[in-house]
Amino acid sequence: ALERTLSIIKPDAVAKNVVGQILSRFEGAGLKVVATKMAQLSRAEAEKFYGVHAQRPFFKDLVDFMVSGPVVVSVLEGEGAIAKNRDLMGATDPKKAEKGTIRADFADSIDANAVHGSDAVETAKVEIAFFFPEANIYSR
Ligand code: CMP
């Protein structure tokens, strides 16, 4: 099905100057960037965005990391966009990510893991709405 997914290029990848390379991988796989912006997340925004992880032991490190520098937030659209983006990203832990995936190539650790992508249709809806009003998504 035609889907939308939320992508975040995290502070480590922005600092490494590989934003263009990562967006190119999305485009090369047939995903279309239908919204994008650079943003410095506040602690409150990062805590709210990752609210489902609030009780996990890694929550504080995750939030600290996500506010450590600017991120690039995008909406990607295409056939099976959610799974396609997850395949491109590779496993959450870059040590376990398959060769040629974004995390294998650009990530340093499970916290500094270069990218976030929505994991299901329902979470994609919530995550996209968190950053972009429908009027600022340019698909047709
Ligand atoms: P992300 O897809 O952005 O979703 C939550 C993030 O928490 C995840 O990527 C990792 O960067 C980070 N994280 C740190 N430790 C863990 C862990 N043990 N399991 C899952 N995610 C973790």
Side-chain angles (χ1 to χ4, degrees):
L2 187 68
E3 293 172 349
R4 287 176 178 174
T5 190
L6 186 85
S7 161
I8 303 179
I9 301 178
K10 297 188 180 185
D12 58 322
V14 174
K16 278 186 185 165
N17 203 26
V18 294
V19 169
Q21 292 186 60
I22 291 173
L23 292 177
S24 285
R25 290 185 183 209
F26 299 148
E27 293 177 341
L31 296 175
K32 184 171 170 147
V33 178
V34 295
T36 195
K37 65 183 176 189
M38 188 171 263
Q40 169 65 56
L41 301 184
S42 68
R43 179 161 286 275
E45 285 170 327
E47 286 173 348
K48 190 172 176 211
F49 181 80
Y50 280 118
V52 293
H53 296 307
Q55 302 310 318
R56 308 284 288 273
F58 57 81
F59 184 65
K60 182 172 183 301
D61 285 346
L62 171 61
V63 171
D64 285 345
F65 176 66
M66 291 302 290
V67 303
S68 68
V71 296
V72 173
V73 192
S74 305
V75 179
L76 308 176
E77 188 176 78
E79 251 333 279
I82 295 164
K84 209 174 254 184
N85 182 38
R86 292 181 74 78
D87 287 348
L88 291 169
M89 290 192 297
T92 305
D93 182 351
K95 293 199 293 283
K96 296 178 184 156
E98 265 189 72
K99 225 162 87 51
T101 60
I102 291 168
R103 283 165 171 157
D105 290 345
F106 300 121
D108 297 319
S109 69
I110 196 165
D111 289 302
N113 69 346
V115 280
H116 167 82
S118 308
D119 63 3
V121 172
E122 261 320 299
T123 42
K125 276 208 178 81
V126 173
E127 292 183 359
I128 290 167
F130 186 88
F131 287 107
F132 297 100
E134 187 61 33
N136 292 357
I137 301 176
Y138 297 93
S139 64
R140 74 245 101 122

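Order of listing sets the numbers, starting from 1, for every ligand and every atom in it.
- Rounded to the nearest 0.5 angstrom, Asn136 CG and Ile128 CD1 are separated by 13.0 Å.
- By the 4.0 Å heavy-atom criterion, Arg103 is counted among the residues contacting ligand 1.
- Here Asp105 pairs with Arg25 in a salt bridge; the nearest charged N to carboxylate O distance falls below 4.0 Å.
- Ring geometry for Phe131 versus Phe49: interplanar angle of 30 to 60°, hence tilted.
- Residue contacts with ligand 1: Phe65 is excluded, as none of its non-hydrogen atoms falls under 4.0 Å.
- Every atom of ligand 1 is numbered from 1 in the order shown, and the set under 4.0 Å from a heavy atom of Asp111 is 11 (O), 14 (C).
- What sits closest to atom 19 (N) of ligand 1 on the protein, heavy atoms only, is Phe58 CE2, 3.6 Å.
- With ligand atoms numbered from 1 in the order given, ligand 1 contributes 1 (P), 2 (O), 3 (O), 4 (O) to contacts under 4.0 Å with heavy atoms of His116.
- Both tests pass for Lys37 against the ring of Phe132: distance under 6.0 Å to the centre and angle within 45° of the axis.
- Backbone and side-chain nitrogen or oxygen atoms of Leu62 are examined, and none is located within less than 3.5 angstrom of a nitrogen or oxygen of ligand 1.
- Here CD1 of Ile22 is found 12.5 Å from CD1 of Ile8. Values are rounded to the nearest 0.5 Å.
- Between the side chains of Ser139 and Arg4, at least one donor-acceptor pair of N or O atoms lies under 3.5 Å.
- Here's the thing with Thr92: none of its N/O atoms is less than 3.5 angstrom from an N/O atom of ligand 1.
- Shown in contact with Tyr50 at under 4.0 Å from a heavy atom are these atoms of ligand 1, numbered in order with element: 1 (P), 3 (O), 4 (O), 5 (C).
- Between atom CG of residue Asn113 and atom CG of residue Asp108 there is a gap of 10.0 Å, rounded to the nearest 0.5 Å.
- Residue contacts with ligand 1, taken as heavy atom pairs separated by less than 4.0 Å, do not involve Met89 at all.
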